[in-house]
Amino acid sequence: MDQGEHRRLLGLAAPEFCPHLLGARVSSFIDGQLVVIELTEVEAYAGAADPGSHAYRGKTARNAALFGPPGTAYVYFTYGMHHCANVVCGEDGTASAVLLRAGKIITGEATVRARRGNNTGPAHLLLSGPARLAQGLGLSLEHNGKQYMHGTARGPGPSLGLESLATSAPEHSTGPRTGVSGPGGTEAYPYRYWLPGEPSVSRYRRAAPRVRPSPGV
DNA sequence: ATGTTGATCTTCT
DNA sequence: GAAGATCAACATC
């Protein structure tokens, strides 16, 4: 695909962009290690009008990268321990973005296992879930706001890459978003997209508010 | 196989 | 002060 077509697809709003991202390749060159993955599951976050989006309550220091140009990485920290990664798409300033939920490893399995705590489990589980995927790619807040270059990530400095977007959307399935509570988590937002039959696709869990243990006496 | 819980802390209300 | 675009360990069936 040429650069112009790549840019055109990135300019689509998240729900339209998602199918083109399935089967596409994301790569990171971080700490001298190249990791290339193929996406199998993504979720759309449609900007300020989407109650499930971090952009719903307007621009803040945390979500500023969401409002950047298409091709920007939005990486955030949550639950006190996890990072999750998005690709910003749509028109500049619309805060449309796609959460990278799962993928399979093309290059760099040893690096991914090392980053995932020398995990020795089956390879298809290594990137199964947004926090696992971000960890496998080595992403953290340092990379928030960086651009995904068109092509494979490469040195000398840290870089991110995005390539092989599908020109026509592959066969895929859709459903409600995982982990999103409130109106944004209902069937009205079938913004989760995945490749059927891929073992790396994360198991669906409906968002359930957690009951905190009462504070100790 | 499915359900529950602890970990751990930033962000916004 | 409460919830969060989660994960892994543990309990129970």
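Chain naming here is simple, since letters A, B, ... match the order of the sequence lines and numbering starts at 1 in each.
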Residue [X], side-chain heavy atoms: nucleotide from [options] that is nearest:
{"X": "Arg132(A)", "options": "dG4(C), dA5(C), dA8(C)", "answer": "dA8(C)"}
{"X": "Ala131(A)", "options": "dC7(C), dT11(B), dT10(B)", "answer": "dC7(C)"}
{"X": "Arg57(A)", "options": "dC12(B), dC7(C), dG4(C)", "answer": "dC12(B)"}
{"X": "Ser181(A)", "options": "dA5(C), dG4(C), dA8(C)", "answer": "dG4(C)"}

In whole Å, what is the span from the [atom1] atom of [X] to the [atom2] atom of [N]?
{"X": "Leu126(A)", "N": "dC7(C)", "atom1": "CG", "atom2": "C1'", "value": "14 Å"}
{"X": "Phe77(A)", "N": "dC9(B)", "atom1": "CZ", "atom2": "P", "value": "7 Å"}
{"X": "Leu141(A)", "N": "dT11(B)", "atom1": "CG", "atom2": "C1'", "value": "12 Å"}
{"X": "Arg116(A)", "N": "dT6(C)", "atom1": "CZ", "atom2": "P", "value": "14 Å"}
{"X": "His83(A)", "N": "dC9(B)", "atom1": "NE2", "atom2": "C1'", "value": "11 Å"}
{"X": "Arg62(A)", "N": "dT11(B)", "atom1": "CZ", "atom2": "P", "value": "7 Å"}
{"X": "Leu100(A)", "N": "dT6(C)", "atom1": "CG", "atom2": "C1'", "value": "15 Å"}
{"X": "Asn144(A)", "N": "dA5(C)", "atom1": "CG", "atom2": "P", "value": "15 Å"}

Would you check if [X] and [Y] make a side-chain contact, meaning some heavy-atom pair closer than 4.5 Å?
{"X": "Ser28(A)", "Y": "Val35(A)", "result": "yes"}
{"X": "Tyr76(A)", "Y": "Asn86(A)", "result": "yes"}
{"X": "Asn119(A)", "Y": "Val112(A)", "result": "no"}
{"X": "Gln147(A)", "Y": "Thr72(A)", "result": "yes"}

Using residues 50-58 of chain A as the side-chain source, report each donor-acceptor pair under 3.5 Å to any protein atom, sequence neighbours left out, with the distance given to one decimal.
residue, atom, partner, partner atom, Å
Asp50(A), OD1, Gly52(A), N, 2.8
Asp50(A), OD1, Arg177(A), NH2, 2.9
Asp50(A), OD2, Ala46(A), N, 2.9
Asp50(A), OD2, Arg177(A), NH1, 2.7
Ser53(A), OG, Ala55(A), N, 2.9
His54(A), ND1, Tyr74(A), OH, 2.8

Item to check | Base dA5(C) to side chain Tyr76(A), donor-acceptor N/O within 3.5 Å cut-off | outcome: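 Present.
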Checklist entry - Would you write out the dot-bracket form of DNA chain B, 5' to 3', with Watson-Crick and G-U pairs under 3.5 Å, [ ] for crossing pairs, | for pairs to other strands and . for unpaired bases? => result |||||||.||||.
Item to check | Ala134(A) to Cys84(A) - nearest heavy-atom pair and separation | outcome: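 Looking at all heavy atoms of both residues, the shortest contact is CB-CA, 4.1 Å.
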Next on the checklist: Is it true that, when you exclude Glu171(A) itself, more than 12 heavy atoms of the residues, nucleotides or ligands shown sit nearer than 6.0 Å to its CD?
Outcome noted: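 No - once you tally the heavy atoms of other residues, nucleotides and ligands closer than 6.0 Å, there are 12 at most.
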Item to check | Residue Glu5(A) excluded, over 12 heavy atoms near CD under 6.0 Å | outcome: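 Count over threshold, so yes.
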Checklist entry - Does OP1 or OP2 of dT10(B) have a side-chain N or O of Thr78(A) closer than 4.0 Å? => result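 No.
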Checklist entry - For dC7(C), does OP1 or OP2 lie under 4.0 Å from any side-chain N or O of His82(A)? => result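 No, no such contact exists.
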Checklist entry - Between Tyr79(A) and dA7(B), do the rings stack, that is, sit under 5.5 Å apart with planes less than 30° off each other? => result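 No, Tyr79(A) does not stack on the base of dA7(B).
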Next on the checklist: Counting the atoms with a prime plus P, OP1 and OP2 as sugar-phosphate, which does Gly52(A) contact under 4.0 Å by heavy atoms, base, sugar-phosphate, or nothing?
Outcome noted: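 Contact class for Gly52(A): base.
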Checklist entry - Just checking Arg192(A): base, sugar-phosphate only, or nothing, at a heavy-atom cut-off of under 4.0 Å? => result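 It contacts nothing in the nucleic acid.
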